[in-house]
Amino acid sequence: MTILMIAEHDNKSLKEITLNAITAATQIGGDIDVLVVGENCGSAAEAAATISGIRRVRVADHACYNGQLAENVAALIQTLAGDYSHIMAPTTTSGKNILPRLAAALDTSYFSDIISVESADTFKRTIYAGNAIETVQTADSIKVMTVRGTAFELAAQDGNAPVEVVSEVTDLGLSSFVSEDLAVSERPELTSASIVISGGRGMQNGENFSILEKVADKLGAAVGASRAAVDAGFVPNDMQVGQTGKIVAPDLYIAVGISGAIQHLAGMKDSKVIVAINKDPDAPIFQVADYGLVADLFDAVPELEQAL
Amino acid sequence: MRESMEFDVVIVGAGPAGLSTACRLMQQAQQAERDMSVCVVEKGSEVGAHIFSGAVLEPRALTELFPDWEDRGAPLNTPVIGDEIYLFQDAERAKRIPNSFVPKSMHNEGNYVISLGNLTRWLAEQAEGLGVEIFPGFAAAEILYHENGAVKGIATGDMGVSADGSQKGSYMEGMELHAKYTVFSEGCRGHLGKQLLAKYALDDGVDVQHYGIGIKELWDIDPAKHKPGLVVHGAGWPLDKDTNGGSFLYHGENNQVVVGLVVDLSYSNPYLGPFDEFQRMKQHPVFKNTLEGGKRVSYGARAMTKGGLNALPKMCFPGGLLVGCDAGTLNFAKIKGTHTAMKSGMVAAETIFAALQTDDEGGKELNAFTEALNASWLYDELHRSRNFGPAMHKFGTFWGGAFNYVDQNWFKGKLPFTLHDNTPDYAQLKEASECTPIEYPKPDGKISFDKLSSVFLSNTNHEEDQPCHLTLKDESVPVKRNWGLFSGPEARFCPAGVYEFVEDPEKHDMRLQINAQNCLHCKTCDIKDPSQNITWVVPEGTGGPNYPNM
Amino acid sequence: MKILVMVKRVSDPNVMIRVSADNSSVDLNNVKMAINPFCEIAVEEAVRLKEAGIATEVVALSIGGTQSQEQIRTALAMGADRGILIESEGPLESLTVAKLTQKIIEEEQPGLVILGKQSTDTDNSQTGQMLASLMGWAQGTFASKLEISGEKINLTREVDSGLQTLSLSMPAVVTCDLRLNEPRFASLPNIMKAKRKPLDVKAAGDLGVDLTPRIKTLMVETPNERQGGTVLGSVAELVEKLKTEKGVI
């Protein structure tokens with residue numbers, strides 16, 4: 001088996017999620033090549049070369065890959081595909097943009113956002129917003145898939161793989177990059193933040209959310225709320241996490257003054273680590289939290305902020 | 001000016017009564033080769049989404065409406081194979097009542113265990129096949145009147161209104177649906193039906209209406225324990241001797257059972273929680289043995305109109321008719337309302353059709369309906385069971401049951417006197433100081449559950465940003481009177497956790513928190529609020545539960 | 001210009017689903033179905049382009065069981081002009097769906113195809129990209145803003161790092177993200193009118209596409225329920241655990 005991993009990068013640096021995806025590739029086994037496609041992406045390629053356990057880095061550096069346009073990048077990968085049994089990318093908007101296009105071009109199936117490798121041809125992925133997990137298998141000769149970063153550990157970066165240039169240029173001229181508006185908001189989006197701190201009815205009013213914001217600022221976290229807090233008018237409903245609000249799955253979810261109604265749990269139960277701060281030891285949130293603090297949030301939260 | 005559309009007949013609510021009305025109208029129109037425009041509006045997101053019933057169906061009305069229902073694939077798949085009736089003495093013990101001592105009305109030979117949701121979905125298909133326009137997701141929010149006071153039709157609610165009343169980007173104004181005749185079939189305690197009763201004084205001269213709340217769950221059970229068609233009823237524990245009601249467990253198809261409890265809303269102890277009674281009821285061995293090892297699939301609750309013939313209001317008024325549970329045609333002796341609701345709808349359809357055949361321009365008071373209803377088997381049936389409910393209220397479960405055995409089996413409901421009960425359910429609540437708080441056991445998460453995880457299974461959803469549809473006449477009453485005197489009974493009688501009394505740290509007092517998004521549209525709050533301060537109005541269309549085969 | 005918009009019938013995202021007792025599938029018996037919310041956004045965008053005079057006709061295509069006609073009717077009630085159903089009783093894989101759609105595109109010659117970015121049942125996010133690939137067209141996925149001038153589409157996409165704006169040559173395939181628009185409610189008169197709009201039904205087997213599945217679903221299971229962890233004594237202990245044990249801060 002030979003695997004091609006499409007690196008997630010911004011030309012300057014390699015995105016960490018690539019390392020998670022590499023672990024999935026390692027579980028499949030065989031040689032792993034990492035492909036870095038972009039414009040002036042040399043430093044990202046150098047970073048990729050340090051990934052442990054890979055055979056080589058292939059780099060395609062050309063102006064037509066500016067913005068990593070799906071048409072041009074998929075066409076490029078198609079020219080390389082014959083060498084590989086698996087073509088993978090981390091689940092990102094870029095991976096999800098490019099790989100299905102590639103799969104159709106290769107007349108092969110595509111698995112979106114796998115969460116586990118069962119064997120070289122069998123994978124698990126979630127469906128119905130995470131309410132079910134399917135185990136799927138394909139006999140297609142090239143297997144194309146994206147990999148959920150949070151489902152796999154990070155691969156080490158103590159390697160020194162050779163970097164080879166791919167000279168092929170596939171400029172289809174179908175689309176062109178116009179501009180990019182990088183998120184500059186001080187806090188990340190709820191749904192994409194790696195840390196979320198949410199408040200519930202226990203916050204008592206909207207002003208008190210400022211103590212959560214202080215913690216969020218220190219952690220680079222997004223601020224969310226339970227439906228009870230939204231219903232009570234403390235905060236606007238775009239902050240609502242839960243069944244009818246936003247579904248989040250950050251690395252760390254801190255629930256403050258949230259009882260843990262099942263509707264709320266539905267929106268955050270896939271978080272990697274859940275912390276609950278609540279003064280009611282019977283609150284259902286403690287049944288799902290990795291770490292609980294039975295404490296008055298007005299003491300515990302400022303203390304947490306100080307400790308960070 | 002709102003846009004309007006004209007129909008011969010507009011029907012409010014796609015339940016068994018409304019859809020039977022619609023089907024019967026079209027059948028007659030086709031037979032007479034007459035054009036007929038019939039429109040049904042339904043607040044649920046689809047037909048059946050808000051339908052909630054036991055249910056054991058007596059197929060009499062269905063067979064009259066569609067004699068070939070079997071060929072048409074009506075979802076009557078589980079004939080009743082047997083009845084078991086228990087008197088529960090306490091949390092452990094129960095006595096099975098021999099069949100010969102059971103009131104005749106409680107026997108179920110020839111009936112079917114069904115999902116009423118699925119039956120109404122099937123009825124809607126039949127109606128659409130006959131040319132009825134059905135609009136799920138549109139709530140009838142307002143009654144429209146002609147200048148002469150006759151009903152002109154209804155208006156659907158505005159969509160896309162935010163909580164503060166302002167219009168959102170998706171705003172769509174409601175629409176007027178005008179009709180020669182408007183049929184109201186909203187089910188128990190319809191919010192428009194309530195207005196009609198008041199406006200036309202339809203309940204003058206009849207007994208006060210009585211209600212119950214039915215709570216039930218749908219379970220997948222161990223196939224080894226499944227006995228399709230078995231019907232189990234129970235009385236007694238967990239309800240105390242002052243509280244009427246009964247439990248049920250029906251074995252349906254596909255290894256599923258429904259388990260439920262009906263609590264009469266005439267109960268007096270404000271500490272009583274129908275939801276909590278139901279949860280602890282399931283721990284009784286009679287239920288637990290069946291449920292153990294199974295998985296709860298769905299949950300819901302709905303009030304039922306149970307006053308019977310004594311409380312049945314006048315059902316006709318200028319320009320319209322009130323049918324089914326919106327009026328109160330349920331036969332409490334049989335604990336069945338579907339066949340009677342359907343029959344009332346069919347009689348309504350026949351009356352309206354006959355009127356329209358005479359070039360009637362609509363808007364009249366169809367007194368012919370009352371005559372036709374009184375001449376039908378529906379009246380006869382309700383007359384025979386008129387004493388059943390009042391006897392229970394008057395004599396309690398045991399002696400009331402004995403009375404009902406004698407009344408139903410020996411006298412076939414024809415005893416020459418009528419019992420009355422004229423205290424409204426909301427006025428039965430005693431002040432908290434006169435009552436003992438009830439300690440309910442904690443749910444075990446296997447057989448019994450908490451309220452919010454239950455509501456979750458009802459798939460209840462409301463657009464978050466909309467005006468609250470649980471309106472208070474006086475904002476101060478919940479804390480001052482209901483909390484002060486009755487210890488906040490709405491927090492307990494609401495089966496969905498809509499009402500919560502929480503501490504207001506700024507005012508150092510309690511505050512009523514209304515979680516309108518949880519509302520199951522059961523209407524219990526509108527009925528049982530001791531101050532009659534809560535008025536249930538329709539939320540934005542499609543809001544509410546999304547019941548599966550309930 | 002004609003727009004082809006695709007709509008999928010899925011279980012209502014507000015309704016809980018459960019896995020079948022034999023772990024072979026998700027049990028959709030008695031589950032309320034609806035139009036995929038992302039498809040609704042696609043229909044809204046297509047109808048707005050028609051209302052703006054940019055499109056001349058909006059054709060709604062669905063591929064699925066006969067009941068998918070309900071979702072086509074929803075699109076028609078929102079303002080699409082006519083519908084096409086490619087009827088297939090069994091579930092079809094996205095690649096097959098893309099190939100069937102290709103056949104319709106060859107017939108209809110739309111200048112733009114709009115789809116949802118993913119369906120809320122299978123959560124793949126692939127059909128639009130596959131379709132663009134088969135057609136050799138430009139693709140604009142996860143769109144949050146779409147402007148057409150001449151033969152070009154100026155398209156803003158929601159990407160992980162923020163927003164990316166591309167210029168696409170037409171014809172093209174666009175997939176919609178949540179914030180592209182807020183779909184309208186269909187009005188009663190429009191729902192009635194939609195019942196009379198043309199809806200063409202074709203059998204999937206008649207279009208010359210191999211429908212044989214390539215992916216085998218071996219099992220469908222319910223995710224493990226989370227277990228409760230430890231109650232800690234102090235904030236300091238919590239910070240320590242998060243730093244060292246979990247490495248999340």
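Letters go in sequence order (proteins before strands), and every chain restarts at 1. Computed from heavy atoms alone, side chains included, the values below leave out hydrogens, waters and symmetry copies.
With rounding to the nearest 0.5 Å, the separation of CG in L174(A) from CG in L166(C) is 12.0 Å. With values rounded to the nearest 0.5 angstrom, R125(A) atom CZ is found 4.0 Å from N124(C) atom CG. Between atom OG of residue S125(C) and atom CG of residue L99(A) there is a gap of 11.0 Å, rounded to the nearest 0.5 Å. T93(A) contributes atom OG1, which lies 9.5 Å from atom CG of D177(C) (distance to the nearest 0.5 angstrom).
For K99(C), the part lying under 4.5 angstrom from a heavy atom of chain A is the side chain only. Residue E245(C) touches chain A through its side chain alone, counting heavy-atom pairs closer than 4.5 Å. S234(C) touches chain A through its backbone: at least one of N, CA, C or O sits under 4.5 Å from a heavy atom, while the side chain does not. For V275(A), the part lying under 4.5 angstrom from a heavy atom of chain C is the side chain only. Proximity to chain C involves both the backbone and the side chain of A105(A), based on heavy atoms less than 4.5 angstrom apart. For K218(A), no part sits under 4.5 Å from any heavy atom of chain C, backbone or side chain. With a 4.5 Å cut-off on non-hydrogen atoms, E237(C) does not touch chain A at all. Contact annotation for V159(C): both backbone and side-chain heavy atoms come within less than 4.5 Å of a heavy atom of chain A. Using a 4.5 Å cut-off between heavy atoms, I274(A) touches chain C through backbone and side chain atoms alike. Proximity to chain A (any heavy atom under 4.5 Å) is restricted, for N154(C), to the side chain, taken from C-beta onward. When heavy atoms are compared at a cutoff of 4.5 Å, K243(C) approaches chain A solely by way of its side chain, counted from C-beta outward. For T146(A), no part lies near chain C; criterion is any non-hydrogen pair under 4.5 Å. With a threshold of 4.5 angstrom between heavy atoms, A139(A) approaches chain C through N, CA, C or O but not through any side-chain atom. Looking at I133(A), the atoms closer than 4.5 Å to chain C (heavy atoms on both sides) sit in the backbone and in the side chain alike.
Each of L238(C), L218(C), V248(C) has some count of heavy-atom pairs under 4.5 Å with chain A, and the biggest count is that of L218(C). Contacts with chain C were tallied for S179(A), A104(A), S94(A); S179(A) has the most, counting heavy-atom pairs under 4.5 Å. The residue among Q137(A), E134(A), K15(A) with the most heavy atom pairs within less than 4.5 Å of chain C is Q137(A). In terms of non-hydrogen atom pairs under 4.5 Å with chain A, the most contact-rich of R157(C), R18(C), M219(C) is M219(C). Of the residues considered (I215(C), V231(C), V220(C)), I215(C) shows the highest number of contacts with chain A, using heavy-atom pairs under 4.5 Å. Interface summary for chain C: among G130(A), G292(A), S194(A), the most heavy-atom pairs under 4.5 angstrom belong to G292(A). Of the listed residues (G229(C), S167(C), S169(C)), the greatest number of heavy-atom pairs within a distance under 4.5 Å of chain A belongs to S167(C). For the set E93(C), M130(C), M170(C), the count of heavy-atom pairs under 4.5 angstrom toward chain A peaks at M130(C). Considering only heavy-atom pairs separated by less than 4.5 Å from chain C, the leading option among D113(A), V136(A), T138(A) is V136(A). Contact count against chain C (heavy-atom pairs under 4.5 Å) is highest for N131(A) among N131(A), L102(A), D251(A). The candidate with the highest count of non-hydrogen atom pairs below 4.5 Å against chain C, out of V288(A), D299(A), L252(A), is V288(A). No other option in A132(C), P213(C), A236(C) has as many heavy-atom pairs under 4.5 Å with chain A as A132(C).
In terms of heavy atoms, S175(A) sits closest to L168(C) at CB-CD2, 3.5 Å. The minimum heavy-atom distance between R101(A) and A138(C), with the atom names listed, is NH1-C, 4.3 Å. Contact detail for T122(C) and I127(A): the closest heavy-atom pair is O-CG2, 3.6 Å. The two residues A132(A) and I17(C) make their nearest non-hydrogen contact at CB-CD1, 4.4 Å. Closest approach of E71(A) to W137(C), counting heavy atoms only: CG-O, 4.1 Å.
Around NZ of K279(A), the count of heavy atoms belonging to other residues, nucleotides or ligands within 6.0 Å does not exceed 12. No more than 12 heavy atoms of other residues, nucleotides or ligands sit less than 6.0 Å from atom CD of E16(A). Under a cut-off of 6.0 angstrom, the local environment of CG in N224(C) is sparse, with at most 12 non-hydrogen atoms contributed by other residues, nucleotides or ligands. Within a 6.0 Å radius of NZ in K145(C), other residues, nucleotides and ligands contribute 12 heavy atoms or fewer.
Between V239(C) and L304(A) there is a side-chain heavy-atom pair separated by less than 4.5 Å.
With salt bridges taken as basic N to acidic carboxylate O contacts below 4.0 Å, none links D121(A) and K216(C). Under a 4.0 Å N-O distance rule, the pair K96(A)/D160(C) does not qualify as a salt bridge.
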Q) Does the pair R214(C) and D107(A) meet the rule for a side chain to side chain contact (heavy atoms under 4.5 Å, CB included), with working shown? A) CA-CA 11 Å; R214(C) 318 246 297 248; D107(A) 194 29; 3.4 Å; yes
Q | Verdict with supporting geometry, Y128(A) and T120(C), side chain to side chain contact (heavy atoms under 4.5 Å, CB included) | A | CA-CA 6 Å; Y128(A) 291 90; T120(C) 54; over 6 Å; no
Q) Yes or no on side chain to side chain contact (heavy atoms under 4.5 Å, CB included) for E221(C) and T135(A), after CA distance, side-chain angles and deciding distance? A) CA-CA 8 Å; E221(C) 58 199 313; T135(A) 308; 3.9 Å; yes
Q: Any chance you could lay out the side chain to side chain contact (heavy atoms under 4.5 Å, CB included) test for T108(A) and L95(C), step after step, and finish with the verdict?
A: CA-CA 8 Å; T108(A) 188; L95(C) 186 55; 6.0 Å; no
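Here the options are Q139(C), Q129(C), Q164(C), the test is side chain to side chain donor-acceptor pair (under 3.5 Å), and the partner is N97(A); only Q139(C) passes.
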